[in-house]
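Worksheet: one structure, shown below.
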Protein chains: 2
Amino acid sequence: MLLLIAVTSKNEGKQCTMLENIFGLILKEIRSEKNISQEKLAEFSNLDRTYISLLERGLRQPTLTTIFKLSAALQITPQELIHKVYESYQHAKK
Amino acid sequence: MLLLIAVTSKNEGKQCTMLENIFGLILKEIRSEKNISQEKLAEFSNLDRTYISLLERGLRQPTLTTIFKLSAALQITPQELIHKVYESYQHAKK
DNA sequence: AAGAAATGCAGACTATAGTCTGTGGATATT
DNA sequence: AATATCCACAGACTATAGTCTGCATTTCTT
């Protein structure tokens with residue numbers, strides 16, 4: 001399990017939320033465990049490669065459809081993905 | 001459990017996806033079970049009342065943040081919410 | 001060390017999420 | 001029946017998700 005560092009990054013004055021960061025970290029973690037590149041994940045999920053990068057860096061957050069696409073590509077259920085995010089989020093809120 | 005009818009509704013030529021519809025139906029179901037109005041749900045989740053309506057009719061889909069807000073307001077975990085959506089989605093795909 | 005692969009980044013763009021206002025129809029309450 | 005509550009709907013708007021291109025930097029492989 002990742003050591004969570006609550007990093008706040010800046011994007012043109014827009015402050016990323018903790019949730020977006022956590023989602024990104026979890027996404028990157030799972031992708032790495034599956035040993036696939038962002039490019040492969042993008043291909044499998046039918047999303048743009050650079051968007052995967054944006055997600056992992058917490059600069060974007062996914063919609064429902066994107067969550068379903070990503071989890072399918074990672075071969076986990078969307079609830080598993082969200083559960084991991086939720087757990088980290090609850091932990092980080094303490 | 002709702003009897004799922006795969007209804008495709010139109011919005012200015014934009015076709016709603018099955019997933020958006022299913023999310024909307026599940027959201028409405030849970031809200032009704034909790035016996036609260038759209039207005040109350042909107043208030044508890046800090047979202048716009050008309051947007052709750054749009055979601056329930058499948059005319060919009062939520063982002064991650066919105067999923068977390070809604071589930072908190074409904075007093076369920078986000079993974080529980082997504083799980084229900086996933087189950088219905090898998091069922092409807094057959 | 002060189003080359004290939006992977007990823008970050010900026011900029012511009014399209015598509016759509018989310019808000020707000022006003023109005024009217026449907027349903028519930030009195 | 002009258003009134004209150006609930007919700008759909010249209011229209012306009014702001015904010016942001018997601019795409020695409022080009023290029024730089026980093027990481028990995030040989």
Side-chain angles (χ1 to χ4, degrees), chain A residues 7 9-25 27-74 78 81-82 85, chain B residues 7-25 27-73 78 81-82 85:
Chain A
V7 178
S9 55
K10 297 284 182 181
N11 179 27
E12 304 141 21
K14 175 182 174 284
Q15 183 156 10
C16 300
T17 67
M18 187 164 56
L19 188 56
E20 283 163 64
N21 273 313
I22 288 170
F23 182 83
L25 290 170
L27 180 64
K28 184 165 187 171
E29 185 190 352
I30 297 169
R31 179 177 64 82
S32 300
E33 281 167 10
K34 305 285 180 181
N35 217 20
I36 59 170
S37 61
Q38 286 182 350
E39 200 161 333
K40 274 303 171 196
L41 179 56
E43 186 189 317
F44 297 155
S45 59
N46 212 30
L47 294 165
D48 196 74
R49 196 277 302 166
T50 57
Y51 183 59
I52 301 294
S53 176
L54 287 163
L55 283 170
E56 288 187 357
R57 284 175 287 140
L59 297 177
R60 290 288 188 277
Q61 66 167 318
T63 59
L64 181 69
T65 300
T66 301
I67 290 164
F68 271 62
K69 280 181 170 181
L70 288 169
S71 57
L74 292 166
L81 177 56
I82 296 299
V85 176
Chain B
V7 178
T8 301
S9 56
K10 296 285 184 182
N11 179 27
E12 303 142 20
K14 173 181 175 287
Q15 184 159 10
C16 299
T17 67
M18 187 164 60
L19 189 55
E20 283 165 65
N21 272 315
I22 288 170
F23 182 85
L25 290 170
L27 181 62
K28 185 166 187 171
E29 187 190 350
I30 298 170
R31 178 177 64 83
S32 300
E33 281 167 9
K34 306 285 181 181
N35 217 19
I36 60 171
S37 62
Q38 287 182 349
E39 201 162 331
K40 275 302 174 200
L41 179 57
E43 186 190 316
F44 299 154
S45 56
N46 212 31
L47 293 165
D48 195 73
R49 200 281 300 162
T50 59
Y51 182 60
I52 301 294
S53 177
L54 287 164
L55 284 170
E56 287 188 357
R57 285 175 286 142
L59 297 177
R60 290 288 190 278
Q61 65 168 319
T63 58
L64 181 67
T65 300
T66 301
I67 289 164
F68 270 62
K69 281 181 169 180
L70 287 169
S71 56
L81 176 56
I82 295 301
V85 176

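The sequence lines fix the lettering, A, B, ..., with proteins before strands; numbering per chain opens at 1.
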*asked:* Does D/dC7 have its OP1 or OP2 closer than 4.0 Å to a side-chain nitrogen or oxygen of B/Ser53?
replied: no
*Give A/Thr66 one of three labels, base, sugar-phosphate or nothing, depending on what nucleic acid heavy atoms sit under 4.0 Å from its own.*
sugar-phosphate
*Pick base, sugar-phosphate or nothing for A/Glu56, based on heavy-atom distances below 4.0 Å to the nucleic acid.*
nothing
*How far does CZ of B/Phe44 sit from NZ of B/Lys69, to the nearest 0.5 angstrom?*
15.0 Å
*Answer yes if the side chains of B/Thr17 and B/Glu20 hold a donor-acceptor pair under 3.5 Å, and no otherwise.*
yes
*Separation of B/Glu39 atom CD from D/dC7 atom C1', in whole Å?*
10 Å
*Using a heavy-atom distance cut-off of less than 4.0 Å, which residues of residues 42-49 of chain A contact DNA chain D?*
A/Asn46, A/Leu47, A/Asp48
*Within-4.5 Å side-chain heavy-atom neighbours: B/Cys16 and B/Leu59*: yes
*asked:* Does D/dT5 have its OP1 or OP2 closer than 4.0 Å to a side-chain nitrogen or oxygen of B/Gln38?
replied: no
_The criterion is salt bridge (charged side-chain N to carboxylate O under 4.0 Å, His left out); which residues satisfy it with A/Glu43, sequence neighbours excluded?_
A/Lys40
*Rounded to the nearest angstrom, tell me the gap between atom NZ in A/Lys69 and atom P in D/dA17.*
15 Å
*What integer distance in Å separates B/Leu54:CG from C/dT16:P?*
14 Å
*Rounded to the nearest angstrom, tell me the gap between atom CG in A/Leu27 and atom P in C/dT7.*
11 Å
*Please report, rounded to the nearest Å, how far the P atom of D/dA17 is from the CZ atom of A/Phe23.*
12 Å
*Sugar-phosphate atoms are those with a prime plus P, OP1 and OP2; base atoms are the rest. Using that split, label each nucleotide of nucleotides 24-30 of chain C B, S or - for protein heavy atoms under 4.0 Å, 5' to 3'.*
-------
*Ignoring backbone atoms, establish whether A/Gln61 has a side-chain N or O less than 4.0 Å from OP1 or OP2 of D/dT16.*
no
*asked:* To check you understand the geometry: which heavy-atom pair defines the closest contact between B/Leu55 and B/Leu27, and what is its length?
replied: CB-CD2, 3.9 Å
*Map B/Ser37 and B/Thr63 onto DNA chain D by nearest heavy atom, then report which one ends up closer to the 5' terminus.*
B/Ser37
*How far does CD of A/Glu39 sit from OG of A/Ser53, to the nearest 0.5 angstrom?*
12.0 Å
*Look at A/Arg60 and D/dT19 and indicate whether a side-chain polar atom (N or O) is within less than 4.0 Å of OP1 or OP2.*
no
_What is the distance, to the nearest angstrom, from the CD1 atom on A/Ile52 to the P atom on C/dT7?_
10 Å
*asked:* Looking at B/Thr65, is its backbone amide N or carbonyl O close enough to the side chain of A/Gln61 to form a donor-acceptor pair, meaning the two atoms are under 3.5 Å apart?
replied: yes
*Rounded interatomic separation in angstrom, taking CG from A/Leu41 and P from C/dG8*: 12 Å
_Side-chain touch A/Ser45/A/Ile52, heavy atoms, less than 4.5 angstrom_ = yes
*Rounded to the nearest angstrom, tell me the gap between atom CG in B/Leu59 and atom P in D/dA8.*
10 Å
_Any side-chain N or O of A/Arg57 below 4.0 angstrom from OP1/OP2 of C/dA10?_
no
*Between atom CG of A/Leu74 and atom CG of A/Leu70, what is the distance when rounded to the nearest 0.5 Å?*
6.5 Å
*What is the minimum heavy-atom distance between A/Leu41 and A/Arg31, and which atoms define it?*
CD2-CD, 3.8 Å
